[in-house]
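The structure under discussion appears below in the form of structure tokens.
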Amino acid sequence: MRKTLAYVCFLFLAVAVAEAATGQHTVAVTLNYDFTTDGACSAAVMKSCLQQFNIYDVTTGTPVKLFSITAPAGANGPVNGITGTSGQLSLKSGVHIFGATAQMADGTESNPSGSTATATTLSGSPASFSITVN
């Protein structure tokens, strides 16, 4: 009985450690934007301008903001290859739908579901592993 209880406790602890250690991911984003209509903010232009892009996880239908990417200062035409990378994020493994918005200096922003991309996050490896064979 003690061996069974110890084994069950070990399994519970191993699962808890594995779940706590997995799921840490970074999200790297590359996007293109045409600043012809809404120019980017700059030191000289701080009103009625595009300030940043916000990246959301919209998988559940409720947008969860993950991080922001500052718009290239003073951009006023098409710009390709705007990049940004999140810090460490806790994301469950599986398919995720990510959305990107354009946020103006006054705080208004586009719909997070208006521009989306799908990616799969993989599960991590257990933080530790031990086995006893009798």
Side-chain angles (χ1 to χ4, degrees):
M1 180 72 175
R2 285 185 183 176
K3 284 186 180 180
T4 303
L5 181 59
Y7 180 71
V8 169
C9 288
F10 169 76
L11 285 178
F12 179 79
L13 180 61
V15 169
V17 168
E19 286 181 355
T22 61
Q24 293 298 306
H25 301 274
T26 58
V27 176
V29 174
T30 301
L31 55 90
N32 305 323
Y33 190 81
D34 186 349
F35 292 91
T36 303
T37 302
D38 296 312
C41 297
S42 67
V45 178
M46 300 185 65
K47 293 184 179 183
S48 300
C49 57
L50 196 143
Q51 180 178 356
Q52 65 189 24
F53 300 98
N54 296 319
I55 308 303
Y56 290 87
D57 185 341
V58 296
T59 305
T60 64
T62 301
V64 176
K65 187 175 178 180
L66 301 176
F67 66 103
S68 298
I69 304 166
T70 302
N76 59 11
V79 177
N80 294 327
I82 301 166
T83 62
T85 303
S86 72
Q88 290 288 312
L89 300 170
S90 295
L91 297 173
K92 291 183 179 182
S93 58
V95 176
H96 287 263
I97 303 168
F98 298 97
T101 67
Q103 180 180 326
M104 301 298 285
D106 67 3
T108 59
E109 65 183 298
S110 56
N111 183 343
S113 297
S115 181
T116 61
T118 303
T120 302
T121 57
L122 302 177
S123 58
S125 297
S128 63
F129 179 73
S130 68
I131 187 167
T132 304
V133 178
N134 292 323

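Atom CE of residue M104 and atom OG of residue S110 lie 10.5 Å apart, to the nearest 0.5 angstrom. Between the CG atom of N76 and the OG1 atom of T37 there is a distance of 11.5 Å, given to the nearest 0.5 Å. Expressed to the nearest 0.5 Å, how far OG1 of T30 lies from CG of N80 amounts to 10.5 Å. Here the straight-line distance linking atom CD of Q51 with atom OG1 of T70 works out to 7.5 Å at 0.5 Å rounding. Atom NE2 of residue H96 and atom OG1 of residue T120 lie 8.5 Å apart, to the nearest 0.5 angstrom.
Among residues at least two apart or in separate chains, disulfide bond (SG atoms under 2.5 Å apart) pairs with a member in residues 46-111 are C41-C49.
Summarising the geometry of A102 relative to L50, their closest heavy-atom pair is CB-CD1, 3.4 Å, with the distance given to 0.1 Å. Closest of all the heavy-atom pairs between P72 and V79 is CG-CG1, 4.3 Å. Scanning all heavy atoms of the two residues, the minimum distance from P78 to T36 falls at CD-OG1, 4.0 Å. Between Q52 and K65, the closest heavy-atom pair is NE2-NZ, 4.0 Å. The two residues S68 and N54 have their closest heavy-atom pair at OG-OD1, 2.6 Å.
Although no hydrogens or angles enter the test, the distance criterion places no donor-acceptor pair under 3.5 Å between the side chain of T101 and the main chain of P112. Between the side chain of S86 and the backbone N or O of F67, no donor-acceptor pair lies under 3.5 Å. For the pair T121 (side chain) and K92 (backbone), a donor-acceptor distance under 3.5 Å is present.
Under the 4.5 Å side-chain heavy-atom criterion for Ile, Leu, Val, Met, Phe, Trp and Tyr, Y56 and L89 are members of distinct hydrophobic clusters. If you chain together hydrophobic residues whose side chains sit under 4.5 Å apart, V27 and V58 never meet in one group. Under the 4.5 Å side-chain heavy-atom criterion for ILVMFWY residues, no single connected hydrophobic cluster contains both V45 and I82.
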> Could you walk me through whether Q24 and S90 pass the side-chain hydrogen bond (donor to acceptor under 3.5 Å, both in side chains) check?
Replying inline: CA-CA 5 Å; Q24 293 298 306; S90 295; 2.7 Å; yes
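Side-chain contact annotation: T26 with Q88, donor-acceptor N/O pair under 3.5 Å absent.
For the pair L66/F98, a side-chain contact is recorded, criterion being any heavy-atom separation below 4.5 Å from C-beta on.
Ring geometry for F35 against Y33 counts as perpendicular: the plane angle is over 60°, on a 0 to 90° scale with 30° as the lower cut.
When each of T59, I55, T60 is tested with D57 by the rule side chain to side chain contact (heavy atoms under 4.5 Å, CB included), just one qualifies, namely T59.
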